[in-house]
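All remarks here apply to the structure that follows.
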Amino acid sequence: MNARIRVLLTVTSTLVGILSLILYTTISTEILFDKVSYCTSSVGTLWLSAMAVLLSSVVSGFLASLIVIRDNVLPHVFISLFIVGKMSFVAHCGAWNGPFWFETAQHLSLLVGVWIGSYGASRFPLAPM
């Protein structure tokens, strides 16, 4: 494979992964569960929202992996750096929706979900070689 094509696929995969992560997490937290917050939401809503966020990141990681070939994990590294940067930005600005441990757990579930999606796509029989 040409190096130029490999870089193009990596950039495309990273952009698709980040944009799908933003879209699916927004849908799951803002639309499906009507602005989930630790202080105002019930325990059941928090659990369902957490599972929806995890599923959103798994789908995002899966989509990003299907674009690139199996041995390329750079898009997932960039998506993980995006998540860590977003968490750092939110911590710096103080825009938490709940306690620090709650927000940290949400962002860690995003990280774990992206890598679970990557692993699932590498085991997917129709993934590019």
Side-chain angles (χ1 to χ4, degrees):
M1 178 179 285
N2 188 356
R4 182 178 286 174
I5 292 174
R6 190 172 174 100
V7 169
L8 180 66
L9 286 175
T10 302
V11 169
T12 303
S13 175
T14 303
L15 289 176
V16 166
I18 289 173
L19 292 176
S20 66
L21 183 69
I22 292 170
L23 174 71
Y24 295 142
T25 55
T26 301
I27 288 173
S28 64
T29 58
E30 302 292 327
I31 296 172
L32 291 179
F33 294 103
D34 195 27
K35 297 188 181 184
V36 170
S37 175
Y38 181 79
C39 300
T40 60
S41 300
S42 67
V43 175
T45 304
L46 289 175
W47 275 104
L48 289 174
S49 172
M51 292 301 115
V53 166
L54 181 65
L55 182 65
S56 301
S57 61
V58 168
V59 169
S60 173
F62 188 81
L63 288 175
S65 273
L66 287 182
I67 296 173
V68 295
I69 57 177
R70 288 185 186 180
D71 66 340
N72 192 354
V73 294
L74 280 177
H76 298 88
V77 171
F78 292 138
I79 293 170
S80 297
L81 289 174
F82 171 76
I83 293 169
V84 170
K86 178 185 172 276
M87 183 177 161
S88 300
F89 180 74
V90 169
H92 179 69
C93 293
W96 299 109
N97 289 332
F100 178 73
W101 63 268
F102 177 73
E103 293 292 330
T104 304
Q106 275 191 329
H107 286 88
L108 287 177
S109 74
L110 287 174
L111 287 171
V112 168
V114 166
W115 288 100
I116 289 173
S118 170
Y119 178 76
S122 70
R123 300 292 177 221
F124 191 62
L126 299 176
M129 295 271 202

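As a basis for the values below, the full set of heavy atoms in this structure was taken, side chains included, without hydrogen atoms, waters or symmetry mates.
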With hydrophobic residues grouped by side-chain heavy-atom distances under 4.5 Å, do [X] and [Y] end up in a single group?
X	Y	result
L15	L63	no
L110	L55	no
F33	L46	yes
V53	I79	yes
L48	I27	yes

Tell me the closest heavy-atom pair linking [X] and [Y], and the distance in Å.
X	Y	answer
T25	I22	OG1-O, 3.3 Å
S65	H76	OG-CE1, 2.8 Å
S28	A52	CB-CB, 3.6 Å

Inter-residue atom distance [X].[atom1] - [Y].[atom2], 0.5 Å rounding:
X	Y	atom1	atom2	answer
S57	Y24	OG	OH	12.5 Å
E30	S49	CD	OG	9.0 Å
Q106	L54	CD	CG	11.5 Å
C39	F102	SG	CZ	9.0 Å
I31	L23	CD1	CG	8.0 Å

Got a sec, which hydrophobics cluster with I116, joining ILVMFWY side chains under 4.5 Å apart, including via others?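 V58, V112, listed by chain and number.
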Output a table of donor-acceptor pairs, distance under 3.5 Å, between side-chain atoms of residues 82-93 and any protein atom two or more places apart or on a different chain; print 'none' if there are none.
unit_1: K86; atom_1: NZ; unit_2: H107; atom_2: NE2; d: 3.1
unit_1: S88; atom_1: OG; unit_2: V84; atom_2: O; d: 2.9

Could you please spell out the steps behind the side chain to side chain contact (heavy atoms under 4.5 Å, CB included) verdict for W115 and S80? CA-CA 9 Å; W115 288 100; S80 297; 2.9 Å; yes
Is there a side chain to side chain contact (heavy atoms under 4.5 Å, CB included) between L111 and L108? Walk through the geometry before answering. CA-CA 5 Å; L111 287 171; L108 287 177; 4.0 Å; yes
Listed once per pair and sorted, the side chain to side chain donor-acceptor pair (under 3.5 Å) pairs that draw on residues 9-19, sequence neighbours left out: T10-N72
